[in-house]
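Notes to accompany the following structure.
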2 protein chains.
Amino acid sequence: MSHPLPPLTALRAFESAARHRSLKKAAEELNVTPAAVSHQIQILEDMLGVRLFRRVHRGIELTASAEIFFPKLEEGFDCLRQAVGRLRDHRGADVLEVGAPPSFISNWLMPRLHRFVTAFPDIDVRVSTRVRQFPRLPRGPRGDVASVMGWVDEVDVLVVFGNGGYPGMRVDQLMPLTVTPLCSPALLEGDNPLRQPDDLRRHVLLHDDRGVLYEGPSFWDMWLEKAGVTGIDTSRGPHFWHSIPAMEAAVACKGVVATTKELARLDLATGRLVAPFPLEVRLASSYHIVSNEPASKREVVRLFRDWLGKEARTA
Amino acid sequence: MSHPLPPLTALRAFESAARHRSLKKAAEELNVTPAAVSHQIQILEDMLGVRLFRRVHRGIELTASAEIFFPKLEEGFDCLRQAVGRLRDHRGADVLEVGAPPSFISNWLMPRLHRFVTAFPDIDVRVSTRVRQFPRLPRGPRGDVASVMGWVDEVDVLVVFGNGGYPGMRVDQLMPLTVTPLCSPALLEGDNPLRQPDDLRRHVLLHDDRGVLYEGPSFWDMWLEKAGVTGIDTSRGPHFWHSIPAMEAAVACKGVVATTKELARLDLATGRLVAPFPLEVRLASSYHIVSNEPASKREVVRLFRDWLGKEARTA
DNA sequence: GATAATTACGCCTTGCGTAACGATG
DNA sequence: CATCGTTACGCAAGGCGTAATTATC
């Protein structure tokens, strides 16, 4: 324990040579010349003060010391190989771990992912998510950054909503986002039909609070200001930290939600939701593709990043 | 298996840093600077394409990948440390394994070894022996060399009888040997008292065949020729491959043995044997201290070799 | 401001290849 | 004489140190 290990390259050379009972085969395994292996083993013999191989005829034999030495050594290197193998299985050349918020996954990624899987059938895509615990994080960009930094190392690619300022990371903007009111088509008719923005004062406002949490102003305030509507009390109505329950409430005719149109693509297509007004407000924040520096260079990560960008442009 | 391991120094740096949860402590353990450890870990992160440490506050945290990676890695390096430890226990800095023929051990080494042990109480001396299987070995120097080469790597120091020509070995002559007839004191009197060499023709000749096996001429032929005695049939009498049974036969009054006086020191001192004639014949072969090259440099080996030489000169 | 980690730069050791040599069946 | 291991020599890269820098409490 207290003694430092002998040079590791020498140990590796010996382990391989002892396993193969041949310097030549060890040299092949290690992709070096037999001379290099021979040299390493002599270094080891000198450092340990023990002869390890008996040079005999055509090849080598283990000495008694080597017989004592070798088994644990082989076991050790087996462990190292296993350790690397585990990592390769978990985060291997053909394994891609993607992290994203639940709303992005269910409303944007999943409807498209089959195309990536079809295009690259050898890549094992694993999608994981985290529900952000907003109360525990500081609001605004600070909390955003802290959350990303604590997550990005656990995956290969992260898709996050934010301003993109993640130091030391490879960051690509995926797509800008636009906010507009959305509601059930039932609200377009009935007692208080939604015809113009001013009609909103007679409806329940559902609040997707991501605006407040990430940007400062709420989505409703942003949109109503652009729409030139005044005199509406935006403190009314239920608040949601995440977009999915906010949109579900809208689908259930509980009111009108101001949220990102891009995440409602499916509900809009199927008619569960409609956008009653053409005005859309571009957000300062947007979705970003984030990877840490080592991961960003991996082939699978590059492929997926490119594919995400192409999907965002074409759809 | 098929993939080569990442650089081992990088693996070692990571293992140490992950175990200590600190680059600084790892640097201390590895006797390098924190900068070196940091560099190694970045190399590893780049090669694996995975971030391993989350840089946080004062220190580091393991990422999920590192948590998967680390345990087997630690186990692996533990095995390497154990492997080296076993070797150190078996052939450690304070362990000295001595090999010698049985006759040398019981008749020369053991009576003196207590002085070495007293002088160097921290050195754990382990004496081992091999009974040479003469029928299986070619006679003369060739068999001698083959036997030594197959033994010297299993011990730290070998004391052997021979001509000293062991290629690639560190060889020191321990002491020259002289041959003279030895017999029980009972034979000096009685019916056929041994007064002069010529009296030998009326006694049984016991043959210590090491002369034939190592040098060519038998001990009896050598001695009788020097003594100027002719007409004695040296084919008479029992032959022994090893000196101990030959000397035991002499002690038991079975006859007169021509053997190396130096190995009979104890029996001569206690009077179990006597040397009836002053003539002693110097052998060409002698005892040599032999070590392989790595072992010969070890401190304990150097000490023991010097001690052997001093003992041989003073006694 | 103190501690720990990272970066930049340069040195020097280490590991390796080539090629000639040695041993052995 | 064919094969495998060793030796000699020299190059190139990897590993490391020093010192300045960054980050975080």
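Nothing here was measured: the structure is a model prediction, and the numbers come from that model. Order of the sequence lines sets the chain letters (A, B, ...), proteins ahead of strands, with each chain counted from 1.
- Counting only distance, with no hydrogens or angles, the side chain of B/T129 and the backbone of B/A100 share a donor-acceptor pair below 3.5 Å.
- Between B/S16 and the choices B/E74, B/E28, B/E29, the side chain to side chain donor-acceptor pair (under 3.5 Å) rule is met once, by B/E29.
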Return a single string for nucleotides 20-25 of chain C, one symbol per nucleotide in 5' to 3' order, where B is base contact, S is sugar-phosphate-only contact and - is none, cutoff 4.0 angstrom on heavy atoms.
----SS
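- Each end of the helix from C/dG1-D/dC25 to C/dG25-D/dC1 yields a helix axis from five base pairs, and these two axes differ in direction by 40° (to the nearest 10 degrees).
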Between A/E75 and A/K72, does the salt bridge (charged side-chain N to carboxylate O under 4.0 Å, His left out) criterion hold? Intermediate values first, please.
CA-CA 5 Å; A/E75 187 185 337; A/K72 266 286 168 194; 3.3 Å; yes
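- A ring-ring contact (aromatic ring centres under 6.0 Å, His included) check over residues 62-98 of chain A, counting only residues at least two apart or in different chains, returns the pairs A/F14-A/F69.
- Here the P atom of nucleotide C/dA5 and the CG atom of B/L52 are 15 Å apart, to the nearest Å.
- A/I289 has its side chain out of reach of A/L158: every pair of non-hydrogen atoms, C-beta onward, lies at least 4.5 Å apart.
- Side chains of A/S65 and A/R51 form no contact here, defined as non-hydrogen atoms less than 4.5 Å apart.
- At a threshold of 4.5 Å between non-hydrogen side-chain atoms, the residues B/M169 and B/S296 do not count as touching.
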What one-letter contact string describes nucleotides 8-19 of chain D from 5' to 3', where B marks a base within less than 4.0 Å of any protein heavy atom, S marks contact via sugar-phosphate atoms alone, and - marks no contact?
-------SBBBB
Should A/E299 and A/R305 be marked as a salt bridge (charged side-chain N to carboxylate O under 4.0 Å, His left out) after you check the CA-CA gap, both sets of side-chain angles, and the distance that decides it?
CA-CA 10 Å; A/E299 177 66 9; A/R305 196 199 302 131; over 6 Å; no
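- Only A/S22, A/L23, A/K24, listed by number, bring a heavy atom of residues 15-24 of chain A to less than 4.0 angstrom from any atom of DNA chain D.
- One can place CD of B/E61 at 12 Å from P of C/dA5, the figure rounded to the nearest angstrom.
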For B/D94 and B/R88: C-alpha separation, side-chain torsions, deciding distance, then whether salt bridge (charged side-chain N to carboxylate O under 4.0 Å, His left out) applies.
CA-CA 9 Å; B/D94 50 357; B/R88 288 224 152 85; over 6 Å; no
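- Per the geometry, NZ belonging to A/K25 stands 13 Å off C1' belonging to D/dT3, to the nearest Å.
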Is there a salt bridge (charged side-chain N to carboxylate O under 4.0 Å, His left out) between A/D89 and A/R86? Walk through the geometry before answering.
CA-CA 5 Å; A/D89 290 343; A/R86 282 191 190 185; over 6 Å; no
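- The distance from atom CD of A/E45 to atom C1' of D/dG5 is 12 Å, rounded to the nearest whole Å.
- Listed pair A/Q42 / D/dG5 fails the phosphate criterion, with no side-chain N or O lying under 4.0 Å from OP1 or OP2.
- With a 4.5 Å cut-off on side-chain heavy atoms, A/P6 and A/L48 count as touching.
- The interatomic distance linking A/R51 (CZ) with D/dT6 (C1') rounds to 12 Å, in whole Å.
- Every side-chain contact (heavy atoms from CB on, under 4.5 Å) that B/M175 has, sequence neighbours left out, goes to B/F104, B/W108, B/L177, B/E262, B/Y287, B/A312.
- Heavy atoms from other residues, nucleotides or ligands lying under 6.0 Å from CE of B/M47 number 12 at most.
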